[in-house]
Every structure is written in structure tokens, then in C-alpha cells.
Amino acid sequence: MKKEDIAVLEEVFSDVLEQTAFMFTDELSQDNLDMASLHDTDFIQAFITFTGPFNGLISITFPEDLCYELAANILGEELNSELVRSEGQGAVGELLNVVCGQFLTTVEDEKLVFDLSVPLIEDFNIDEWISLEKQETSALIEVEEHPVLIHFDI
Amino acid sequence: MSYNILVVDDSAIVRSLIGKTIELAGVDTENVLFAKNGQEALDLLKENWFDVILSDINMPVMNGVEMIKIISEDDIMREIPIIVISTEGSTTRIKELKDLGIRGYIRKPFTPEMIKDVITKVVIEDKTYNLGEEL
């Protein structure tokens, strides 16, 4: 795995999001980010660690509001349904689970075995966002007019 | 004939999605029960008979591989076909699962058609699904 593989992670993320939730991505650059609105946004980060021939981590950082849209789309339920409100964050974890599995077999030999952790979810603040976004193995993506940050680390 | 199905996945959203997908796929079910991990599944298996188990691999408490090993060593439970629904893509891991006796494998994300096909192949036609000879 090399730093250029962030482009593969972007592609896998877009494909999985489309297949699981019928949601589409657009390119987003730092210059187009509305930093003022980011400061008013609550974020959550889902991350999975993997161990095997080498160890690493993959994360997706989502605005909290987008989690519920994701869950509603995956389940085909109304945005305000009880299941969507209770499982919004879990939807991001499951999305990441699928992305992680697909990404590892795309960039590495399919024979290699990696053990994945269960997805963990944490609150994420704007300072952490700014720091993570600067890293070479991070990418900004727009999903339904929301900024999303994907990242891997080995 | 209607079927008793056990769905094992730690994600509530996936359990709900698989339940809905089974319904959408038009599979005739008598009972669909859900477990959050391998241990919960084994507890349900003590009290219930299932025609098929649909299970994830990567779960806390007891993962799918551990659960499948225990089931494969039990003279009665080993008769229940197990279908793995997972993000797992390693051919080595899938071969390991095949050697443990799983009857079908679906890689997430899945569609209602895939669920219907796997249940038809494995439960009704007594064949395997997506476990190619190359494995």
C-alpha cells in the first residue's frame, strides 16, 4: 500500500456509497470548503484498524446529519424513523466496513488475510478535521452537498 | 415450504437490512431470528432449529469463524447450511471457510436477488453458492 492509493480509496468509497445507499459523490477541494459552516457542524469519525501482513487504519469522517441520510437510504426508511435515528452512526460504521474490505483486496493481493476490527465511532472536532485533512493519505469528497473526509494510515 | 432463518451480524442496520431483503426476495419464511454475534447465535441454536444460517464474520464477543468451527464440530448443528455474508475478500479466508463447511458466500454489498439466489441454491436445491472450484 502506498500513499497514491488514496485515489483508489476514493473510488472504492464512491462505488460502495452508490451501491449501498444510492448516494453520489463529487470532487471537493480545500479551496471550496466553507470553513465557517464546518465550525458549526458536528462530525463523527468511524475507523477500522486492520492487522495482517502489515497493520493500518482506515477512517471516514462524516457530518452527523449526513449519517441519518445514509441510514435512511440504506434502509429505505423515512429520515425521522426510529430505526434511522438510532442507527445513523452505525450506518457509517457499516459503510466503512464494506469500503475497508473492498479497498484491501483492490490494492493488495487477494490471497493475503487481514483481520479487521469492528468499526469504532467517535465524535470528531474541527481541529482534528483540519489536521487530518492536511495529510497525504486523506481525501476530501462531497456527498449530497456535505464534506466527507476519508483517510488511511499504515 | 417455509423456512426458519437465523441472521447473525453485529450491525443492527445490517440485521434489519437482511431481514427486509429476505422479505423483498419473496423467500417463504416461518421465522427469522437475529443474533448480534456468534455466541448469541449458539445460544439460539440450543433452543431452535434453523433451515439456514446467514452470518457475518467480523463480530465482537465471538466472530463468525469461531462460531462456524463450533457448529462444524457438532453432529446435529453441522447439518444446518451456513451462508457467509461478509466484506471479507481474501481468497485464503474464503477457502478456510469453505473447508469448514460453509455452503455459500456473498460479499457485501448485496442485493435482494443475491439473497434469493443463495437461499434457492443452498436450501432448496442443496447446492453451493459462489464457492468456485478455484478455491
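Reminder, nothing fancy here: chain letters follow the sequence lines and each chain counts from 1. What you see below is based on every heavy atom in this structure, not just the backbone, and it leaves out hydrogens, waters and symmetry mates.
Under a 4.0 Å N-O distance rule, the pair A:Glu77/B:Lys20 qualifies as a salt bridge.
Summarising the geometry, atom OG1 belonging to B:Thr91 is positioned 8.5 Å from atom CG belonging to A:Leu112; distances are rounded to the nearest 0.5 Å. How far CZ of A:Phe114 is from OG1 of B:Thr92: 10.5 Å, rounded to the nearest 0.5 Å.
The two residues A:Ala91 and B:Ile13 have their closest heavy-atom pair at CB-CD1, 3.4 Å. The shortest heavy-atom contact between A:Thr105 and B:Ser90 is CG2-N, 4.0 Å. Taking both residues in full, the closest heavy atoms of A:Val118 and B:Asp10 are given as CG1-OD2, 3.8 Å, listed atom of the first, atom of the second, then distance. Nearest heavy atoms, B:Val14 versus A:Glu94: CG2-CD, 3.1 Å.
Proximity to chain B (any heavy atom under 4.5 Å) is shown, for A:Ser86, by neither the backbone nor the side chain. Contacts between A:Asp109 and chain B at a heavy-atom distance below 4.5 Å are absent for every atom of the residue. Heavy atoms of A:Leu75 lying under 4.5 Å from chain B belong to its backbone as well as its side chain. Looking at A:Gln102, both its backbone and its side chain come within 4.5 Å of chain B, counting heavy atoms on both sides.
The closest side-chain heavy-atom distance from B:Thr87 to A:Cys100 is not below 4.5 Å.
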